[in-house]
Undergrad: 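Below you will find the structure I want to go over with you.
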Amino acid sequence: MSIEKHPPAQPQDSAPPPTPWQFVRLGDYRLPGPLGATAALERWASLKRIFGRGSEPELPPVKAEADLRALSQSRLQNLARPIDWRCAVPALNAVLAEWQQAAPVGEAVRFVIGQPHCGHAQILAQWAADHRAAVVEAPSVDRLLGDDGRWLDDWPAADRLWVLPNLEQCYLRHADGLGLVRSLLERAASGALGRGVIGCDSWAWAYLRRVWPLPQPAALTLQAFDGPRLSRYLAELVSCPGRDCLHFRNATTGKELRLEPGSGDAEVSPEVNYLAVHSRGNIGVALHSWRSALRAVPEQEQQVQPEAPAEVAGSLPAAVPDAEVDDIVWVSTALREPVLPAEGGEAMVFLLHGLLLHNGLPASLLPELLPQPRHRIASCLLELQALGVVVMAGERWQVSVAAYSVVREFLRRRGFLRDDF
């Protein structure tokens with residue numbers, strides 16, 4: 001992908017490129033689909049898996065994995081900095097403005113549902129600060145298991161706007177861990193708590209709809225980052241000097257990838273669209289995969305570019321001028337995702353499912369919620385941590401962003417309850 005070196009001049013009255021951030025109703029969420037070359041690549045890969053490689057030998061990659069190195073943190077920060085969730089707040093403002101101005105007799109509470117690693121709690125915390133809304137902290141574990149109604153008694157005054165960013169931390173999948181959240185949802189739906197916004201992780205949302213009737217057709221979610229949205233977003237992230245002559249190249253084929261700040265399916269590189277499809281529109285997962293794929297050649301290789309073998313030279317793109325070598329970022333095609341242990345067993349399955357249903361759990365709670373002894377859970381956690389499948393975020397174990405797609409598919413194949421994304 002490259003950033004256009006000389007983008008066409010825009011008329012003075014032309015509108016700026018559309019923002020990739022958009023909130024929609026849950027029923028309007030659309031998974032990214034393969035487009036053009038991406039679909040062809042996927043079909044070809046499928047045929048190869050079924051019928052083998054065929055008689056034609058595969059060409060060697062332009063840049064072998066062993067010849068590339070990860071980018072430095074400063075370089076990575078300039079090319080693909082971490083997500084600033086404040087960028088999504090204007091989009092949330094746009095869809096909540098009418099509700100916020102409506103008469104109090106209208107719908108008292110709005111729900112915002114977010115996939116793991118999609119920042120719903122951070123977005124809502126910033127929205128609350130912008131609107132001077134009271135932020136309601138989740139109850140402690142003791143209050144959850146004890147059905148302590150004092151948490152609800154301490155709610156902000158009914159005439160003040162409030163925000164509860166993380167409903168997923170207000171329940172436990174336990175016989176004694178659902179009373180408080182049921183009371184909360186009942187009082188919120190009735191309007192007894194006044195007007196507020198509740199954020200909830202998508203996996204917890206799927207579970208809570210099973211244990212309490214939760215008809216919320218107006219619940220909102222962040223629209224999927226399909227190929228065009230993802231391409232615009234990745235282009236916006238590039239902030240290094242000399243971005244006009246920056247080039248992203250596929251390390252296998254050597255072909256240039258383009259990142260476009262505009263819109264249109266025809267402008268999306270197959271690699272970017274494949275990333276959008278693979279991540280199912282989850283921007284947190286997509287960006288992590290993109291950052292993991294960016295590579296550079298060692299300093300000694302930047303001085304001399306080896307010539308391609310004569311038998312494959314005709315199939316490769318034209319050589320890159322030496323003056324532009326420093327402006328090339330190679331994009332690895334190797335998908336870097338943790339591999340789940342083949343002999344994980346029941347303990348691993350229930351552990352991963354429990355972590356996703358609560359968007360993370362402290363280690364002290366796991367023996368209360370899982371049907372395995374403490375030592376077996378601890379052993380499983382350490383194994384998964386070593387593999388990069390789970391990480392400790394604060395005081396809570398969570399499924400890592402690198403492993404999320406793998407774990408989701410793992411649970412889907414075993415028929416476990418999962419989110420709707």
Side-chain angles (χ1 to χ4, degrees), residues 1-5 32 34-49 53 56-71 75-76 78-80 225-235 237-238 240 243-261 264-279 285-298 301-302 305-309 311-322 324-337:
M1 287 165 274
S2 69
I3 308 297
E4 278 198 22
K5 190 170 184 178
L35 302 170
T38 306
L41 287 173
E42 291 182 350
R43 287 195 296 271
W44 173 241
S46 177
L47 288 173
K48 286 171 61 180
R49 286 193 297 269
R53 295 188 175 186
E56 294 294 329
E58 292 190 0
L59 296 176
V62 173
K63 288 293 179 183
E65 285 290 322
D67 297 333
L68 299 172
R69 58 171 171 77
L71 301 183
R75 181 69 165 152
L76 196 58
N78 287 332
L79 296 175
F225 274 67
D226 56 10
R229 288 179 190 273
L230 184 58
S231 184
R232 292 199 302 272
Y233 179 70
L234 295 179
L237 291 182
V238 179
C240 59
R243 58 175 288 169
D244 290 342
C245 58
L246 184 68
H247 298 270
F248 293 85
R249 291 185 181 273
N250 185 312
T252 299
T253 66
K255 292 182 178 180
E256 191 166 2
L257 285 73
R258 300 181 65 186
L259 294 179
E260 300 292 345
D265 295 348
E267 300 173 345
V268 179
S269 294
E271 296 87 348
V272 176
N273 196 68
Y274 175 80
L275 185 57
V277 173
H278 177 74
S279 63
V285 173
L287 181 60
H288 180 273
S289 298
W290 173 248
R291 287 167 59 91
S292 300
L294 300 184
R295 292 287 183 271
V297 294
E301 288 193 5
Q302 292 185 3
Q305 295 295 301
E307 295 183 358
E311 62 271 20
V312 300
S315 64
L316 300 180
V320 181
D322 291 341
E324 294 187 358
V325 169
D326 288 340
D327 297 317
I328 293 177
V329 179
W330 296 96
V331 181
S332 171
T333 56
L335 192 60
R336 290 169 176 80
E337 293 179 322

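Hydrogens, waters and symmetry mates are skipped; everything else that's a heavy atom, side chains included, is used.
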Undergrad: How close do A251 and L68 get, counting heavy atoms only, and between which atoms?
TA: CB-CD1, 3.9 Å
Undergrad: For G254, is there any backbone N or O sitting under 3.5 Å from a side-chain donor or acceptor partner on R249?
TA: yes
Undergrad: For a quick test of reading the model, state the closest non-hydrogen atom pair linking G227 to N273 and the distance between them.
TA: CA-OD1, 3.4 Å
Undergrad: Going by side chain to side chain contact (heavy atoms under 4.5 Å, CB included), name the residues that satisfy it together with A293, two or more places apart in sequence or in a different chain.
TA: V331
Undergrad: Mind listing the closest non-hydrogen atom pair of V238 and F248 along with its distance?
TA: CG2-CZ, 4.3 Å
Undergrad: If you take all heavy atoms of A276 and P32, which pair is closest and at what distance?
TA: O-CG, 3.5 Å
Undergrad: So do L259 and L237 actually touch side chain to side chain, heavy atoms under 4.5 Å?
TA: no
Undergrad: Within the structure provided, determine whether L234 and L79 are in side-chain contact (heavy-atom separation under 4.5 Å).
TA: no
Undergrad: Is the closest side-chain heavy-atom distance between T333 and N250 below 4.5 Å?
TA: yes
Undergrad: Taking all non-hydrogen atoms of both residues, which atom of S231 and which atom of R258 are closest, and how far apart?
TA: OG-O, 4.0 Å
Undergrad: Is a side-chain donor or acceptor of S292 paired with a backbone partner of H288 at a separation under 3.5 angstrom?
TA: yes
Undergrad: If you take all heavy atoms of A286 and L275, which pair is closest and at what distance?
TA: O-CD2, 3.5 Å
Undergrad: Taking C-beta and beyond as the side chain, do H278 and L335 meet within less than 4.5 Å on heavy atoms?
TA: yes
Undergrad: Kindly write out the residues that satisfy side chain to side chain contact (heavy atoms under 4.5 Å, CB included) with A334, not counting sequence neighbours, or none if the list is empty.
TA: E65, S332, R336
Undergrad: Within the 4.5 Å heavy-atom criterion, are Y233 and W290 side-chain neighbours or not?
TA: no
